[in-house]
Amino acid sequence: MIEKMKLEHIGIMVHDFKKSAKVYQELLGLQLVDVEEVNVEGEQGTVGFLPVGDIKLELISSPQTSGMVADFLRDKGEGIHHLAFEVDDIDTYYEKLKENGVKFLWAGGIKTGSRNSRVFFFEPKEFNGIYIEILQKEHSHHSE
């Protein structure tokens, strides 16, 4: 019944994207990949990924003074924001959850995220205050 999933990345909110990326690269020897400017639900930001084996660290920053990134940084400071799990069929999984009354962060369903993926977030209260992202990469869509 439950969709098979794997931990794909850990999202980390940062004030200064370039400075933070440099620290992860220099002190941990990680490589920064897939850096892009994103606009999700009207929120602009910079994201980049640092692979560690099969899991990536995602650095996220935003120039905005309000929105998910800015609010998190103001309220909690820099740090881990979300865990992202990859699934093969995001549409079926989302509909099943919706039917069961699960609360989501955004109205209107699944959004386009970074790396041309399709994403949704649970309301953090569903998981002890932790944001959980579900994503499907473009290449794993069933209709292709």
Side-chain angles (χ1 to χ4, degrees), residues 1-18 20-21 23-25 28-144:
M1 160 135 180
I2 191 117
E3 173 81 27
K4 184 180 169 199
M5 58 180 64
K6 68 174 188 175
L7 182 61
E8 203 271 337
H9 70 262
I10 300 168
I12 303 168
M13 299 292 189
V14 300
H15 288 294
D16 184 327
F17 184 85
K18 287 182 179 170
S20 298
V23 170
Y24 282 88
Q25 290 173 95
L28 297 177
L30 302 178
Q31 182 181 358
L32 183 65
V33 299
D34 295 330
V35 177
E36 66 181 285
E37 298 299 315
V38 296
N39 186 326
V40 180
E41 285 293 277
E43 183 162 6
Q44 298 172 346
T46 303
V47 301
F49 294 84
L50 300 135
V52 184
D54 290 339
I55 300 171
K56 298 164 195 72
L57 301 180
E58 177 190 30
L59 300 183
I60 308 154
S61 67
S62 174
Q64 294 181 202
T65 54
S66 67
M68 185 167 65
V69 178
D71 295 348
F72 184 88
L73 288 169
R74 183 183 58 251
D75 297 343
K76 299 190 176 179
E78 295 181 296
I80 293 176
H81 174 263
H82 67 268
L83 302 177
F85 294 91
E86 183 181 355
V87 298
D88 291 328
D89 185 355
I90 196 168
D91 297 291
T92 301
Y93 186 51
Y94 181 86
E95 289 305 320
K96 209 176 286 182
L97 292 167
K98 191 175 170 184
E99 286 170 17
N100 290 328
V102 172
K103 301 279 188 266
F104 302 105
L105 189 60
W106 302 314
I110 300 163
K111 308 295 179 189
T112 300
S114 65
R115 301 172 295 167
N116 215 20
S117 61
R118 300 177 66 231
V119 304
F120 70 84
F121 280 84
F122 288 95
E123 274 284 349
K125 65 183 177 193
E126 295 280 7
F127 289 98
N128 315 97
I130 302 291
Y131 285 89
I132 299 289
E133 174 186 2
I134 302 297
L135 71 95
Q136 180 179 324
K137 291 182 182 170
E138 184 183 32
H139 63 74
S140 63
H141 198 278
H142 283 308
S143 65
E144 291 182 354

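Because the structure is predicted, anything quoted here is derived from the model rather than measured.
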Criterion side chain to side chain contact (heavy atoms under 4.5 Å, CB included) on H82 and M68, from CA distance to verdict = CA-CA 11 Å; H82 67 268; M68 185 167 65; 5.9 Å; no
Non-hydrogen atoms of L135 and A84 that approach each other most closely | CD2-CB, 3.8 Å
Spacing of D91 atom CG and Q136 atom CD [to the nearest 0.5 Å] = 6.5 Å
To the nearest 0.5 Å, tell me how far K6 NZ sits from D88 CG.
-> 9.0 Å
If we only count heavy atoms from C-beta on, is the V119 to W106 side-chain gap below 4.5 Å?
-> yes
Output all residues satisfying salt bridge (charged side-chain N to carboxylate O under 4.0 Å, His left out) with D34, sequence neighbours left out; order by chain, then residue number.
-> none
Roughly how far, to the nearest 0.5 Å, is CD1 of I60 from CE of M13?
-> 4.5 Å
Give a yes or no on this: more than 12 heavy atoms of other residues, nucleotides or ligands lie within 6.0 Å of atom CG of N39.
-> yes
S114 backbone acceptor or donor facing E36 side chain under 3.5 Å = no
Partners meeting ring pair (Phe, Tyr, Trp, His ring centres under 6.0 Å) with Y131 (sequence neighbours left out) = H81
Check the pair V69, E43 against side chain to side chain contact (heavy atoms under 4.5 Å, CB included), reporting the backbone distance first and the verdict last.
-> CA-CA 8 Å; V69 178; E43 183 162 6; 3.3 Å; yes
The ring pair (Phe, Tyr, Trp, His ring centres under 6.0 Å) partners of F85 (sequence neighbours excluded) come to none
With a 4.5 Å heavy-atom cut-off, do Y93 and L97 have their side chains touching?
-> yes
With sequence neighbours excluded, residues passing side chain to side chain contact (heavy atoms under 4.5 Å, CB included) with K76 | F72
Stepwise side chain to side chain contact (heavy atoms under 4.5 Å, CB included) test for V35 and F17 = CA-CA 10 Å; V35 177; F17 184 85; 4.1 Å; yes
Which salt bridge (charged side-chain N to carboxylate O under 4.0 Å, His left out) pairs, counting each pair once, include a residue from residues 45-65, with sequence neighbours left out?
-> E8-K56
Not counting sequence neighbours, which residues clear ring pair (Phe, Tyr, Trp, His ring centres under 6.0 Å) with F120? List them please.
-> Y94, F104, F122
Under the side chain to side chain contact (heavy atoms under 4.5 Å, CB included) test, which residues partner E78, sequence neighbours left out?
-> V14, H15, S20, L73
Non-hydrogen atoms of G45 and P63 that approach each other most closely = CA-CD, 4.4 Å
How many angstroms lie between atom CD1 of I90 and atom CE of M5, to the nearest 0.5 angstrom?
-> 9.5 Å
For the atom pair CG (L28) and CG (L50), what is the distance rounded to the nearest 0.5 Å?
-> 8.5 Å
Please step through side chain to side chain contact (heavy atoms under 4.5 Å, CB included) for the pair V40 and F121, ending with a clear verdict.
-> CA-CA 12 Å; V40 180; F121 280 84; over 6 Å; no
Going from NE2 on H9 to CG on L57, what distance comes out if it is rounded to the nearest 0.5 angstrom?
-> 10.0 Å
S61 side chain to D16 backbone, donor-acceptor under 3.5 Å = no
Got a sec, which residues hit side chain to side chain donor-acceptor pair (under 3.5 Å) with E37, two or more places apart in sequence or on another chain?
-> T46
Excluding sequence neighbours, so at least two apart, what forms side chain to side chain donor-acceptor pair (under 3.5 Å) with D71?
-> R74
Residues passing the side chain to side chain contact (heavy atoms under 4.5 Å, CB included) test with N116, sequence neighbours excluded, are T112, E138
Please indicate whether L7 has more than 12 foreign heavy atoms, meaning atoms of other residues, nucleotides or ligands, lying under 6.0 Å from its CG.
-> yes
With sequence neighbours left out, write down each residue that passes side chain to side chain contact (heavy atoms under 4.5 Å, CB included) with K103, or none if nothing qualifies.
-> E123, K125, E126
Side chain to side chain donor-acceptor pair (under 3.5 Å) involving S117 - partner list, sequence neighbours excluded | none
